[in-house]
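Here is the structure we will look at.
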Number of protein chains: 2
Amino acid sequence: MTAPLCAIFRKHLKSRNLKYTPERADILNAIIERDDVFEVEELLMEMRAGGYRVSKATLYRTIKLLQEAGIINQALFDARQSHYQLIYGKAPRDYLVCIKTGRHIEFSSDDLVALRDQLCRKHGWDPVGHRFLVYAISPEGRDQAD
Amino acid sequence: MTAPLCAIFRKHLKSRNLKYTPERADILNAIIERDDVFEVEELLMEMRAGGYRVSKATLYRTIKLLQEAGIINQALFDARQSHYQLIYGKAPRDYLVCIKTGRHIEFSSDDLVALRDQLCRKHGWDPVGHRFLVYAISPEGRDQAD
DNA sequence: GTCGGTGCAAATGCTTTGCATTGAT
DNA sequence: ATCAATGCAAAGCATTTGCACCGAC
């Protein structure tokens with residue numbers, strides 16, 4: 001699993017004429033080893049504890065690159081500075097998001113709602129709403145150089 | 001639609017021994033009228049343009065209350081300071097999140113993945129990953145005073 | 001008169017940026 | 001030599017907080 005990720009990252013960097021530096025390799029490895037949701041500060045501590053020397057600036061810059069490469073994404077679980085929306089009693093809005101171009105399509109699916117309600121029932125919870133983001137590559141994104 | 005929301009908000013406030021003030025009413029109304037994803041600063045501008053005088057502090061404080069009441073939530077679409085996670089080639093992690101207690105359960109569903117892939121195919125996109133957050137009320141949350 | 005609410009301004013704290021230095025081709 | 005990467009410290013910026021004043025019950 002680590003080999004392909006590394007290869008994907010290198011490919012992405014190459015396509016943008018950027019370099020696969022030791023710092024970037026270390027960061028990717030630290031993320032792979034962690035294999036869990038992480039906060040930036042947290043990852044930095046761990047890397048330093050493990051003897052890796054990276055600056056916070058480089059870490060942030062690399063995280064952005066890894067996102068662009070489709071290797072990591074935001075857990076979007078506890079966000080600051082986010083957008084808000086009415087949910088109470090509204091049909092949920094679901095999105096297809098292209099990881100290459102950023103384009104997104106809004107859709108809504110009854111099957112999804114049915115599945116959601118079924119999952120809730122299974123756990124004894126009462127559904128109120130949901131958020132479904134599908135990360136994908138759009139036809140235009142597929143055609144882009146990579 | 002606006003009446004029940006207002007009632008729900010009042011009920012929530014009452015349960016916490018808080019008051020339904022004119023500022024809070026104005027904010028809820030502005031959000032209802034907008035009926036779309038919004039940013040805080042944006043909403044503030046609009047309210048002011050409409051002649052409503054609210055401070056940014058009150059707006060933020062009210063948004064927190066509205067979230068607690070389950071009336072709005074974060075669109076989680078473009079976040080700062082968020083958590084990150086590996087996604088490439090990983091089984092996606094899906095969550096049931098209790099809007100009352102904050103407790104969350106992680107799960108994963110093959111049916112969901114199948115549905116996701118089908119939706120992507122329908123639009124000619126290639127699925128890479130997804131994020132599914134279900135907002136619900138857990139058994140403990142249901143038992144809480146409200 | 002007590003308790004919460006509001007606005008303002010200051011403080012926080014994550015993230016980004018400017019800049020000088022370093023390294024790879 | 002050129003072009004990008006790094007680290008540091010400073011800057012940015014959305015959000016939160018402290019505090020003094022106001023208003024409802």
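Every chain is numbered from 1 and lettered A, B, ... according to where its sequence line falls, protein lines coming before strand lines. This structure is a prediction, so every number in the text was calculated from the model and none was measured. The analysis underlying the following values was restricted to heavy atoms, covering all of them including side chains, and did not include hydrogens, waters or symmetry mates.
- Under the side chain to side chain contact (heavy atoms under 4.5 Å, CB included) criterion, B:Val37 pairs with A:His83, A:Gln85, B:Ala75, not counting sequence neighbours.
- By the salt bridge (Lys or Arg N to Asp or Glu O under 4.0 Å) test, B:Glu46 is found to be paired with B:Arg34, residues two or more places apart in sequence or in another chain being considered.
- Between B:Leu13 atom CG and D:dC25 atom C1' there is a gap of 17 Å when expressed in whole angstrom units.
- Separating the CD atom of B:Glu41 from the P atom of D:dT15 is a distance of 8 Å, rounded to the nearest angstrom.
- The shortest heavy-atom contact between A:Asp94 and A:Ser108 is OD2-CA, 3.9 Å.
- Taking a 4.0 Å limit (strictly below) on heavy-atom distances, residues 43-55 of chain A reaches DNA chain D at A:Arg53, A:Val54, A:Ser55.
- The two atoms that bring B:Ile8 and B:Ala69 nearest to each other are CG2-O, 4.2 Å, heavy atoms only.
- In this structure, the side chains of A:Arg116 and B:Phe132 come closer than 4.5 Å at one or more pairs of heavy atoms.
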What pairs of nitrogen or oxygen atoms, one from the protein and one from nucleotides 1-5 of chain C, lie under 3.5 Å apart?
| from | atom 1 | to | atom 2 | distance (Å) |
| --- | --- | --- | --- | --- |
| C:dG5 | OP1 | B:Arg24 | NH1 | 3.4 |
| C:dG5 | OP1 | B:Arg24 | NH2 | 3.1 |
| C:dG5 | O5' | B:Arg24 | NH1 | 3.4 |
| C:dG5 | O5' | B:Arg24 | NH2 | 3.4 |

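- In this view, B:Lys56 and B:Glu41 satisfy the salt bridge (Lys or Arg N to Asp or Glu O under 4.0 Å) rule, not counting sequence neighbours.
- Screening residues 13-32 of chain A for salt bridge (charged side-chain N to carboxylate O under 4.0 Å, His left out), with sequence neighbours left out, gives A:Arg16-A:Glu68.
- Distance, B:Glu42 CD to D:dC13 C1': 16 Å, rounded to whole Å.
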### Query
Taking protein heavy atoms under 4.0 Å as touching, what does nucleotides 16-21 of chain C look like 5' to 3' if B marks base contact, S marks sugar-phosphate-only contact and - marks none?
BBB---

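- Panel note: side chain B:Arg48, backbone B:Val54; a donor-acceptor pair is recorded below 3.5 Å.
- Put simply, CG on B:Asp26 is 15 Å from C1' on C:dG7, counting in whole angstrom units.
- Rounded to an integer number of Å, the gap from CD of A:Gln74 to P of C:dC14 is 15 Å.
- Taking A:Thr21 as the reference, nothing meets the side-chain hydrogen bond (donor to acceptor under 3.5 Å, both in side chains) condition, with sequence neighbours excluded.
- Among residues two or more places apart in sequence or in another chain, the salt bridge (Lys or Arg N to Asp or Glu O under 4.0 Å) test is passed with A:Asp117 by none.
- Here the closest heavy-atom approach between residue B:Tyr135 and residue B:Gln74 is recorded as OH-O, 4.3 Å.
- Each end of the helix from C:dG1-D:dC25 to C:dT25-D:dA1 gets its own axis from five base pairs, and the two axes differ in direction by 20°, given to 10 degrees.
- Here the P atom of nucleotide C:dT15 and the CD atom of A:Gln67 are 11 Å apart, to the nearest Å.
- Summarising the geometry, the separation between CG on A:Leu66 and P on D:dA5 is reported as 13 Å, rounded to the nearest angstrom.
- How far SG of B:Cys6 is from CG of B:Asn29: 7.5 Å, rounded to the nearest 0.5 Å.
- Judged as a side-chain hydrogen bond (donor to acceptor under 3.5 Å, both in side chains), and not counting sequence neighbours, the contacts of B:Ser55 are B:Thr58.
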